[in-house]
Amino acid sequence: MKVLGIESSCDETGVAVYDTHIGGAAGLRAHAVYSQIALHAEYGGVVPELASRDHVRKLLPLIRQTLAEAGLGMGDIDGVAYTAGPGLVGALLVGAGVARSLAWALDVPAIGVHHMEGHLLAPLIEDDAPQPPFVALLVSGGHTQLVAVDAIGQYRLLGETLDDAAGEAFDKTAKMMGLPYPGGPQLAKLAESGTPGVFKFSRPMTDRPGLDFSFSGLKTQVLLAWKGSDQSAQTRADIARGFEDAVVDTLAIKCARALDAAGCGTLIVAGGVGANKRLRAKLTEMCERRGGRACFPRPALCTDNGAMIAYAGALRLVAGQHEDATIRAVPRWDMAELPLV
């Protein structure tokens, strides 16, 4: 099947075509993402109504562009997948409405995809992809979760954040130190010039058993360190490095525990924070030391994108799963409710 994937859950419009006949990384015939960062920058965060309206403006041109890059016409599409949730309801409705309309007009099946399942399956697009069972670390601006994947569609939540997600902590910490929006990538870049060990922050909730996370206290530690410092450029970089090291170490410690709890050696990492270079290096080293492996999607597929939705939808469509013509938008959706593929 050639499946058109549409992602519109928040502030990025993503479109892709995945061809299951080719499979692997080459099966991703084309993908494109339009980011709304510039639109929301002056507000310091995502404005839901503006996000929805921008999806309306950008989605159809992006579909035409992606199909052209794939060398396909609209009539070549065998199925449509779209993000049904979780996310901003207005933004979700834009993608769902366009996807369902296209599927009806082309007389092809369509399916709503869980946004986080899309992220979880993104590493499987790459060549030499692992097969379940494995442990997944979903780490982004909205989620930090450890999930045991027994099969595609069979997920057990092992641990999650009790407050801020890791990516959210990156963004808020950057904002406290005066870095421009979106702050997370800016802080990670700044940390590259920081001196390790100058600022040592705690590794939250690693001094007790369990697989849950908490990053709000770490954020407060950084705020106090910043306010009590000389606030020079080098100090800002040193604090950024100290913060990043604390988050990376915390995630690595919890991932090792999760692998032990699940009794497997393979870890997959997905979500926007999964593009962080220091996190990738740390988790790769940790897994290799244990005799296992860590798998990541290419950095372009860590943030929200249509490729992950096309791929996740393709797996379900090939398995014979599809839905009626109802336009589905589910702002809150438990991944445990998903059917087995």
Counting distance only, does the side-chain N/O of [X] pair as donor-acceptor with the main-chain N or O of [Y] below 3.5 Å?
X	Y	result
Asp163	Ser214	no
Glu7	Thr83	no
Asp78	Lys2	yes
Ser101	Gly97	yes
Lys200	Gly242	no
Arg280	Gly274	yes
Ser8	Ala91	yes
Arg236	Met177	yes
Thr284	Ala281	no
Tyr155	Gly153	yes

Would you please say whether a donor-acceptor pair under 3.5 Å links the side chains of [X] and [Y]?
X	Y	result
Thr303	Glu12	no
His143	Glu160	no
Ser216	Asp164	no

Taking the side chain as everything from C-beta on, heavy atoms only, tell me whether [X] gets closer than 4.5 Å to [Y].
X	Y	result
Asn276	Cys302	no
Phe201	Val247	no
Leu124	Phe134	yes
Asp238	Arg241	no
Ile63	Leu102	yes
Gln321	Pro339	yes
Met286	Lys282	no
Leu88	Val46	yes

message: In this structure, is the centre-to-centre distance between the rings of Tyr181 and Tyr43 below 6.0 Å?
response: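 Not close enough - the centres of the two rings lie 6.0 Å or further apart.
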- request: May I have the step-by-step check of side chain to side chain contact (heavy atoms under 4.5 Å, CB included) for Asp304 and Val33, ending in yes or no?
  value: CA-CA 8 Å; Asp304 293 351; Val33 177; over 6 Å; no
Trace of the side chain to side chain contact (heavy atoms under 4.5 Å, CB included) decision for Glu323 with Arg316: CA-CA 11 Å; Glu323 299 163 345; Arg316 294 190 175 276; over 6 Å; no
message: More than 12 heavy atoms of other residues, nucleotides or ligands under 6.0 Å from CZ of Arg293: yes or no?
response: yes
task: Just do the ring-ring contact (aromatic ring centres under 6.0 Å, His included) check on Phe243 and Phe199 with the steps written out, would you?
output: CA-CA 8 Å; Phe243 169 81; Phe199 287 88; over 10 Å; no
What is the minimum heavy-atom distance between [X] and [Y], and which atoms define it?
X	Y	answer
Pro86	Ser9	O-CB, 3.8 Å
Leu187	Ala174	CD1-N, 3.7 Å
Ala16	Ala310	O-CB, 4.1 Å
His114	Met116	ND1-N, 3.1 Å
His119	Ala270	O-CB, 2.8 Å
Ala314	Tyr18	CB-CD2, 4.4 Å

message: Parallel, tilted or perpendicular, judged at 30° and 60°: which one describes the rings of Phe215 and Phe213?
response: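 Parallel: the ring planes of Phe215 and Phe213 meet at under 30°.
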Kindly compute the distance separating [atom1] ([X]) from [atom2] ([Y]), expressed to the nearest 0.5 Å.
X	Y	atom1	atom2	answer
Asp11	Leu39	CG	CG	9.0 Å
Leu4	Leu106	CG	CG	9.0 Å
Thr144	Leu137	OG1	CG	7.5 Å
Leu157	Asp334	CG	CG	8.0 Å
Met1	His21	CE	NE2	14.0 Å
Leu121	Ile268	CG	CD1	7.0 Å

task: Mind checking side chain to side chain donor-acceptor pair (under 3.5 Å) for Arg203 and listing every partner two or more places apart, or none if nothing turns up?
output: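 Per chain and number, Arg203 pairs via side chain to side chain donor-acceptor pair (under 3.5 Å) with Asp249.
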Grouping I, L, V, M, F, W and Y whenever their side-chain heavy atoms are under 4.5 Å apart, do [X] and [Y] come out in a common cluster?
X	Y	value
Val3	Val80	no
Ile152	Ile125	yes
Val113	Val98	no
Val17	Ile6	yes
Met335	Met308	no

field: Salt bridge flag under 4.0 Å for residues Arg57 and Asp54
entry: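 So Arg57 pairs with Asp54 through a salt bridge.
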query: Would you call Lys175-Asp171 a salt bridge at under 4.0 Å N-O?
result: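 Salt bridge absent between Lys175 and Asp171.
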query: Are Leu301 and His31 close enough, and set up right, to give a side chain to side chain contact (heavy atoms under 4.5 Å, CB included), and what steps lead you there?
result: CA-CA 10 Å; Leu301 301 187; His31 72 104; 3.9 Å; yes
field: Trace of the side chain to side chain contact (heavy atoms under 4.5 Å, CB included) decision for Arg257 with Leu146
entry: CA-CA 10 Å; Arg257 291 182 185 176; Leu146 283 164; over 6 Å; no
